[in-house]
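Values reported hereafter were calculated over all heavy atoms of this structure, with side chains retained and with hydrogens, waters and symmetry mates removed. All figures in this text were calculated on a predicted structure; none of them were measured in a lab.
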Amino acid sequence: MRWRTQIYAPVFLRVMTPQLLKNGALETEIAVVKLTKRTVEAAKSQVKDYIIWDEELPGFGLRVYRSGKRSYVIQYRQRGRARRLTLGLHGVWTAELARREAKALLGRVAGGDDPAEERLEDYRAITMKELCKRYIQDLDDGLILGKGGRPKKQSTIDTDIGRIKRHIIPLIGTRRVKDLTRADMVKIMRDIMAGRSRIIVKTKKLRGKSIVRGGPGTATRTLGLIGGILSYAIDLGIIEHNPAHGIKKPKYKVRERRLTEAEYGILGNMLRDAQAQEKFWPTTDIIRQIALTGCRRGEIINLKWCDVDLDGSCLRLSESKEGRSIRPIGLPVVEFLEAQSLTATGSYVFPGYGEDNAFGGFPNHWDALFKGSPLDGVTAHVLRHSFASIGNDLGFTEITIAALLGHAKGSITSRYIHVLDATLVTAADMIAGYVSALLNGTNFQRGSFALDRTARKSAMSEFIAERAAGS
């Protein structure tokens with residue numbers, strides 16, 4: 001059977017060949033076929049979702065998504081209302097299994113039942129604990145997307161699961177999702193801030209334990225996670241509105257600490273003293289490279305030789321917080337990596353012990369070096385923030401510094417760029433060189449490095465002289 005219909009708004013279509021009519025409506029050709037394994041797998045995705053209806057069993061169909069995913073559905077009318085119910089995804093369900101289930105459900109519809117309404121009521125009765133279990137399963141399957149539409153990283157998944165098990169489930173796990181209100185969200189946030197979900201949890205390590213304290217930062221992040229889980233519930237049709245949206249969250253402590261030039265000198269002395277002790281290798285080198293590149297701690301610890309591009313003076317990180325990322329590196333870093341490459345034996349720049357893996361003793365070494373020292377409380381992020389601050393002191397723009405740090409807004413260093421702009425390499429050279437000099441004990445007399453007229457003229461004269469000599 002074939003006929004035409006006009007579509008004025010986005011709806012689920014049957015197999016379609018779109019054409020534009022004079023009045024601007026979309027003309028579609030509709031086909032009805034028998035749903036078999038062959039016809040289901042032959043169905044191609046279109047610019048919109050559409051449905052292929054079975055010619056033998058009225059009301060039984062296959063929904064084809066734009067992504068290419070396919071699911072079996074039934075559609076019927078009950079009490080004057082059109083209802084549609086998803087049976088399951090093709091692959092998990094076969095065409096014949098879906099057909100048998102559709103016959104059974106449509107038979108119940110003929111007897112006066114409403115399977116779609118029954119499923120909706122089941123969804124609405126779901127507790128937060130049950131919802132979290134589904135959410136965790138989809139997290140593990142890579143179906144929950146994070147930044148840039150990418151599946152969440154394993155480290156982020158582990159953190160989310162920790163917050164679910166240690167805060168969300170203990171506080172609201174028994175509550176029905178549909179009963180949660182904005183007032184509940186505010187109470188949860190305040191309970192976590194006050195430490196009411198405080199608990200000591202055993203970890204997998206021998207005699208290991210994790211102390212869950214709560215606080216403003218934990219409250220803010222946990223409420224954000226709850227908002228994401230409730231948005232997931234909206235997608236499942238469990239609720240229609242998200243009670244976690246629009247709630248004012250506490251501002252947790254913003255990390256603004258940076259090293260002074262004197263503190264850089266202290267850090268340099270600490271690293272030289274520690275380097276004399278073999279037990280602190282390679283931690284001292286890792287710390288120095290974090291300070292010279294502004295990279296995140298994990299990006300240096302897990303750095304692989306395949307991500308190092310010495311000729312291009314950059315690191316081409318296959319994985320970072322922002323996904324794939326290119327980081328310009330200064331000459332001091334290039335020279336260090338060149339020297340290390342001469343004796344490299346494994347995949348990692350800073351290898352661990354035993355099999356081919358990354359060095360794993362950094363946190364303990366850091367604590368041993370900094371605890372009780374004049375720099376007690378300094379973190380690896382402080383070195384990253386200090387690198388950016390030095391770049392600002394030297395007169396580089398925010399977008400240049402963002403590119404050096406691998407921030408999302410520094411998108412000029414996207415994965416498509418193969419040769420870095422000379423400005424970025426120069427900036428990396430200057431900042432790394434300046435930080436290296438501070439670590440080596442150099443005292444600079446000038447505190448501000450804005451590009452004043454005299455400095456610009458001097459730099460331009462040197463550039464022209466070098467070019468003239470080279471020609």
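Distance alone, capped at 3.5 Å, places no donor-acceptor pair between the Y264 side chain and the V435 backbone. S389 contributes a side-chain N or O that, together with a main-chain N or O of H385, makes up a donor-acceptor pair within less than 3.5 Å. A donor-acceptor pair is defined here as one N or O able to donate and one able to accept, closer than 3.5 Å; no such pair exists between the side chain of D356 and the backbone of G346. In this structure, the side chain of T159 engages the main chain of S155 through a donor-acceptor pair within 3.5 Å. One N or O on the side chain of S313 and one on the backbone of I329 form a donor-acceptor pair closer than 3.5 Å. With hydrogens and angles ignored, the 3.5 Å screen pairs a side-chain donor or acceptor of R70 with a backbone N or O of A43. A donor-acceptor distance shorter than 3.5 angstrom exists from the side chain of S231 to the backbone of G227, with no hydrogens or angles considered. Between the T284 side chain and the L271 main chain, no donor and acceptor come within less than 3.5 Å of each other.
Checked against side-chain hydrogen bond (donor to acceptor under 3.5 Å, both in side chains), N440 has no partners two or more places apart in sequence or in another chain. With sequence neighbours excluded, the residues that form a salt bridge (charged side-chain N to carboxylate O under 4.0 Å, His left out) with D184 are R175. Judged as a ring-ring contact (aromatic ring centres under 6.0 Å, His included), and not counting sequence neighbours, F336 has no contacts. Scanning for salt bridge (charged side-chain N to carboxylate O under 4.0 Å, His left out) contacts around K304 gives an empty result, with sequence neighbours left out. The ring-ring contact (aromatic ring centres under 6.0 Å, His included) check on F362 picks up W366, with sequence neighbours excluded. Partners of Y348 by ring-ring contact (aromatic ring centres under 6.0 Å, His included), not counting sequence neighbours: none found. Qualifying side-chain hydrogen bond (donor to acceptor under 3.5 Å, both in side chains) partners for N269, counting only residues two or more places apart in sequence or in other chains: R272. In this view, D141 and Q137 satisfy the side-chain hydrogen bond (donor to acceptor under 3.5 Å, both in side chains) rule, not counting sequence neighbours. Applying the salt bridge (charged side-chain N to carboxylate O under 4.0 Å, His left out) rule to R182 yields no partners; only residues at least two apart in sequence or on another chain are considered. Considering only residues two or more places apart in sequence or on other chains, D429 meets the side-chain hydrogen bond (donor to acceptor under 3.5 Å, both in side chains) condition with none of them.
Ion pairing between a basic and an acidic side chain is recognised when a charged N comes within 4.0 Å of a carboxylate O; D393 and R258 show such pairing. A salt bridge links R316 with D309; the closest basic N to acidic carboxylate O contact falls under 4.0 Å. Classification of E41 and K37 as a salt-bridged pair holds, one side-chain N sitting under 4.0 Å from a carboxylate O. Salt bridge present: E299 and R327 bring a charged side-chain N and a carboxylate O closer than 4.0 Å. Under the 4.0 Å criterion applied to side-chain N and carboxylate O atoms, R257 and E263 are assigned as salt-bridge partners. Looking at D138 and R134, no side-chain N of the basic residue comes within less than 4.0 Å of a carboxylate O on the acidic one, giving no salt bridge.
The distance from the CD1 atom of I401 to the CG atom of L394 is 8.5 Å, given to the nearest 0.5 Å. Taking CG of D160 as the start and CD1 of I229 as the end, the distance is 7.5 Å to the nearest 0.5 Å. I287 CD1 to Q275 CD: the interatomic distance, rounded to the nearest 0.5 Å, is 10.5 Å. To the nearest 0.5 Å, the span separating CG on L375 from CG on L369 amounts to 10.5 Å. Expressed to the nearest 0.5 Å, how far CG of L85 lies from CG of L87 amounts to 6.0 Å. Atoms CG and CG, from L236 and L230 in turn, are 11.0 Å apart once rounded to the nearest 0.5 Å.
By the 6.0 Å contact criterion, NZ on K129 is open, its count of non-hydrogen atoms from other residues, nucleotides or ligands being 12 or less. Within a 6.0 Å radius of CD in Q154, more than 12 heavy atoms belonging to other residues, nucleotides or ligands are found. By the 6.0 Å contact criterion, CD on E355 is open, its count of non-hydrogen atoms from other residues, nucleotides or ligands being 12 or less.
Considering all non-hydrogen atoms of both residues, V73 and L62 come closest at CG2-N, 4.5 Å. Here the shortest heavy-atom pairing between L292 and S436 reads CD2-N, 3.6 Å. Across all non-hydrogen atoms, the minimal contact from G294 to L405 is O-CD2, 3.5 Å. Of all heavy-atom pairs between E240 and I234, the closest is O-CD1, 4.0 Å.
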ask   = Passes side-chain contact (heavy atoms from CB on, under 4.5 Å), L145 versus K152? Steps please.
value = CA-CA 6 Å; L145 303 182; K152 290 189 175 184; over 6 Å; no

ask   = Could you walk me through whether F359 and T283 pass the side-chain contact (heavy atoms from CB on, under 4.5 Å) check?
value = CA-CA 9 Å; F359 178 67; T283 298; 3.4 Å; yes

inquiry  = Quick one, R296 with R384, criterion side-chain contact (heavy atoms from CB on, under 4.5 Å). Give me CA distance, side-chain angles, the key distance, then yes/no.
reply    = CA-CA 7 Å; R296 298 178 180 90; R384 178 172 165 83; 3.3 Å; yes

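Tested against D140, the residues L143, I144, I136 include a single side-chain contact (heavy atoms from CB on, under 4.5 Å) partner, I136. Between R297 and the choices L383, N302, I290, T379, the side-chain contact (heavy atoms from CB on, under 4.5 Å) rule is met once, by I290.
With contacts defined as side-chain heavy-atom distances shorter than 4.5 Å, the pair V382/F387 does not qualify. Side-chain atoms of I188 and I226, non-hydrogen and from C-beta on, do get closer than 4.5 Å to each other. Looking at H167 and T218, their side chains come closer than 4.5 Å, going by heavy atoms from C-beta outward. At least one side-chain heavy atom of L315 sits under 4.5 Å from a side-chain heavy atom of L337. Counting heavy atoms from C-beta outward, Q289 and C295 have side chains that stay 4.5 Å or more apart. The shortest side-chain heavy-atom distance between L171 and M128 does not fall under the 4.5 Å cut-off. Two residues are said to be in side-chain contact when any heavy atoms from C-beta on lie closer than 4.5 Å; M430 and T426 meet this criterion. Contact of the I238 side chain with the K178 side chain is not registered, since no non-hydrogen atoms from C-beta on lie closer than 4.5 Å.
N392 and E398 form no side-chain donor-acceptor contact under 3.5 Å, judged by distance and modelled atom types alone. Counted by atom type alone, Y434 and E261 present one or more donor-acceptor pairs between their side chains at under 3.5 Å.
Applying the ring-ring contact (aromatic ring centres under 6.0 Å, His included) test to every pair with at least one member in residues 280-303, sequence neighbours left out, gives these pairs: F280-H365. Judged as a ring-ring contact (aromatic ring centres under 6.0 Å, His included), the pairs with a partner in residues 224-246 (not counting sequence neighbours) are, in order, Y135-Y232.
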